[in-house]
Visitor: 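Below you will find the structure I want to go over with you.
Along the sequence shown, residues carry numbers from 1.
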Amino acid sequence: MKILRIRFKNINSFYDEHPCIDFTVNPLAISGLFIIAGPTGAGKSTLLDIITLALYNEIPRFGSISKTEIEKLGSIVNLKAAEEPKAEAYAEVEYEVKGCQYRSRWSIARNRNGNWNNYQMEIAELPSGNLLDIKGLANFPKKNEELIGLSYQQFVKSIVLAQGSFAEFLRAKAHDRSKLLEDITGQHIYRQLGSAAYLKDKHYKEQLELKEKELQLVAMLTDEEVKHWEQAQFIAESNRTQADKEVVFWEKEKNTLERSFELQQKLEKVEREKNVLEQEKAAFALHLQRLQNHEQVSEWAADLATLKAQKLQLAVLEERKQTAYNQAEAQTKIIQTTVQQIEKLINKTVVKERLLAELNAFEGDILGLETEIEKLNAEIRPIFSTIKQEITQSTNPWLKALSFEKLDETYALLKQKQLDTEAEVTRFSVDFDAESELARLSSREKAFIELVAKLEKRNDLLAQGQEAKKTLEESTQIAAQKKPIWEQLNDTLKEIDLKIKELQSRKEKEQQKFNLEDLRNALQNGEECPLCGSTHHPYVHAYINALSQVQVELDLLEKNRKEVDIQAKKVGTEFDRAEALKAKATLDLTQLREAYKKAKEECEKVLEVLFLVPDTTVEQLVAAQKQLQQQQEIVSNWVKVRELNDIIKKLLTQYELLFVLRTQKFTKEQERQKRFSGKDVRAEGQILKNTLTNAQTTYDIAQRQHFEIQQNLLEETKRTSVLEASLTQQLQEKGIENISMANELLLSMAQVEMLKNQRKQLGDREKELEVNQKTWLEQLLEVAQLRQTEHTLEETEFKLKTCRELRDQYLRESSEIAAKLNNHATQKLKFSGLQAELEQMRKQRKKWDLLNRYIGDSNGNKFSNFAQNLTLSNLIGLANQRLRHLSDRYILDKPKEETESLFVIDTYQGNALRAVNTLSGGETFILSLALALALSDLASQNVSIESLFIDEGFGTLDPDSLDMALGMLERLQSESDKIIGIISHVEALKERISTQIRLFKNGSGLSTMEIVG
């Protein structure tokens, strides 16, 4: 896997979009080994965060990123950019894996409401740029993991190497080291398996104990008890069978008695209902007579209805006749009123036939007057609009304040103002050219302004030259003072470094002696040394004091060196600053002298052109400029008065024309008001015409309807009289005196239907009662023959109750015995089943018990430690391969029995074993760097890693070790063709590695970047 390019915008301290970091072009492509350098907080680690954010939406310091974390923590997005309304940020990485190239992008932006949208991701194939079809944000990191072949944890342990974790790993105890190795490699599965084995065995053990307790709780009968209860059940069942027969007999006898009683009750009820029916028939007799009377006259019902309808029709015709007459009378009054209104409108009396013609002529006269008024308005409007436009669009405040609607008042004001402006206009002659004069004054004023600027520039250059001269003198004095102090401090540092080197050599010799401590501990005073034969062992007492003394001296020297180094850097910085200021002041002074000479010559030329003396000052020019401005103001004001006078003349002409038209319009309006004071003559005339026409039409229609109704009324009256006479004769022949009596005998259809239904219901009920009475008498005789005893119903119920109680007793005894026997059978089956389950569970638990004994414990430490021990062996082997390129002195080795510390084999001391805790800071770094590279090899065994980033850790190395580490990294880069980036503050690295990504931080906390090489 190889990182090709990195792009980003508004990430952490980087504001806005920055240049692409392209590892495929020079200088990064040709170098292969580069350094990422810059002050603390400039964003060195941010460049690594951009890579993991773009690929996995995670960074080591925060984990997974979402809009909630960004809002809560204020991280990831640059703080300045986050305050912008349309803030956005992105991180983008292009990488190559297995010959294919891809681009992965992470981005986030604010919406129009100022809130953060959720982050977005995309993965594209290169060079086509086609996006991969991926659904769901969580699947983008998984897709990158699939393409690269590394999970996030594997990626940050094999491509981004942080030295601190490996130094911690070297010094850790066995358990802590196993846990660190587990975290570094991401192999938590072994701990999970060990813990799972323990929990699985614990679960089966608990289940087995519960099952054994359950088996102990199973209760069963003995064989003797089973036989006893089976005999008792047989006797109880026999008694119950006999009791059932008795119950059936007495239930049948009880039912027969109850049926007999029920039939007697029904017969009594029939008698009662027959009496009620007779009463209802007597009550219905009157209604029955009415129904019979209706049936007698029902054959003339149609004729009677026809006669009634004809009489109603006569009444309706009579009413319509009266209505038509009333309507004709009303329209006559409307016609008279409308005629009076028209005569009033036209102001003359005319015959009815000429009325509409006179009304039309009157309308024409009024409309003619209105047309003439409108023509005058059309002439007035443009004049008024012109006046309004002149006043409203004028820039003159006095003119703009006039009220153009108050004609007479405004006209008087304009006349007065005209007198004033004409007096002002005569101030200058008629042929005075104001525009040329203003141009001349403006040009001279502009020349004065430019001259003032040139004089001020000349004076500024003179002041700057004096300031630069002062700075040069001060910096020269400071440099002369600081130089001997700085040189003396550097000499002191060299002397201290020589002493420190001597003490470190003495310390190493003492530590080499310390490796023989086991032998020394075995020495006893008075006994011979197996090596030299001496019985006196003074080193045993003096060793600790000697080593401590050396360490104390070394600490004091290093502290002294640090203080001197700080002073030397401070003085050196001051000296360098003074030298830089001196050089800059010298250069500035030369440039300022040349600029002053040039500025002075330009000022003299302009003064000569303007006919001014050479020693003219800025203050004099400013005073002259004010005089020019006053002259310009006088001419400008005169131009404005002249323009105002011209406008007033134009407005007065418009007003005079407007007054003539206004008088003509007023005359026409007075004439029209005299003849017609309404609003719309045409509308009022039309209303009168419509009213007169409609009333005349309605009157004619009413007259015609009155005549027609009168004819129909005569015909209908004759027809009704004939029908009434014929029907009266027929009714009298049947004994009915007249038509009124016949109508009284007739019932409505609803009454007839209701009475017929009542008559039918009474007859049906009478038949039903007769049939029921006969049937129930026959059933009562049949039931009486079924009785087998002479007992009463109460005696029979008592017998039945006694038999049921006895049967229930036998049934309970049988059920209780059956329950005991069934429970015995159930418990027996349960016991057999539990035994089988228990045996099966013992077999199942056996494998988990065995697995738990080998790898299981509650925390998973046992199996994790075993697995990490194997991983440690593999890791140490790979580390030693890397270590050979760094140092030929040490070989990393595993802990020994009953020890927890890692060891190194010191080949310079006869392959002596040393605990890693005894190593110096530089030696520890070399081992941790070898471990970091080895872990990268281990984590990426199935993936080709072509990009490597090492974060910090070089500050603990001495110059020789630093050269050795850089040499190994250069060799690693050349052998594997990897791109290796180092993040560090160490100045020696910046000097050694020419290809650099330099980061700078300004005063506001924002960072910038440049690539050099």
Visitor: Given side chains that start at C-beta, do those of Glu1010 and Phe1000 come closer than 4.5 Å, heavy atoms only?
Guide: yes

Visitor: Go through the structure and list residues passing side-chain hydrogen bond (donor to acceptor under 3.5 Å, both in side chains) with Ser107, not counting sequence neighbours.
Guide: none

Visitor: Give me each pair satisfying salt bridge (charged side-chain N to carboxylate O under 4.0 Å, His left out) with a member in residues 867-878, each pair once, sequence neighbours excluded.
Guide: none

Visitor: Please enumerate all residues that pass salt bridge (Lys or Arg N to Asp or Glu O under 4.0 Å) together with Glu467, with sequence neighbours excluded.
Guide: none

Visitor: Under a 4.0 Å N-O cut-off, is there an ion pair linking Glu88 with Arg110?
Guide: no

Visitor: Considering residues at least two apart in sequence or located in another chain, which fulfil the ring pair (Phe, Tyr, Trp, His ring centres under 6.0 Å) criterion with Tyr95?
Guide: Tyr102

Visitor: Kindly list each side-chain donor-acceptor pair under 3.5 angstrom involving residues 571-585, sequence neighbours excluded, with atom names and distances?
Guide:
residue : atom : partner : partner atom : Å
Thr573  : OG1  : Lys569  : O            : 2.6
Glu574  : OE1  : Lys482  : NZ           : 3.0
Lys584  : NZ   : Asp588  : OD2          : 2.9

Visitor: Considering residues at least two apart in sequence or located in another chain, which fulfil the salt bridge (Lys or Arg N to Asp or Glu O under 4.0 Å) criterion with Arg7?
Guide: Glu92, Glu94

Visitor: Find out whether Trp106 and Tyr90 are in side-chain contact, i.e. whether some heavy atom of one side chain is under 4.5 Å from a heavy atom of the other.
Guide: no

Visitor: If the condition is ring pair (Phe, Tyr, Trp, His ring centres under 6.0 Å), which residues does Phe23 pass it with, not counting sequence neighbours?
Guide: Phe34

Visitor: Going by salt bridge (charged side-chain N to carboxylate O under 4.0 Å, His left out), name the pairs with one or both residues in residues 10-37, residues two or more places apart or in two chains.
Guide: Arg5-Asp22

Visitor: Which residues pass the ring pair (Phe, Tyr, Trp, His ring centres under 6.0 Å) test with Phe140, sequence neighbours left out?
Guide: none

Visitor: Salt bridge (Lys or Arg N to Asp or Glu O under 4.0 Å) with Asp460: which residues, sequence neighbours excluded?
Guide: none

Visitor: Going by side-chain hydrogen bond (donor to acceptor under 3.5 Å, both in side chains), name the residues that satisfy it together with Ser858, two or more places apart in sequence or in a different chain.
Guide: none

Visitor: Kindly write out the residues that satisfy salt bridge (Lys or Arg N to Asp or Glu O under 4.0 Å) with Asp893, not counting sequence neighbours, or none if the list is empty.
Guide: Lys896

Visitor: Do Leu28 and Ile979 make a side-chain contact, defined as non-hydrogen atoms from C-beta onward lying under 4.5 Å apart?
Guide: no

Visitor: Charged N to carboxylate O below 4.0 Å: is that the case for Glu96 and Lys2?
Guide: no

Visitor: Going by atom types only, do Asn57 and Tyr119 share a side-chain donor-acceptor pair under 3.5 Å?
Guide: yes

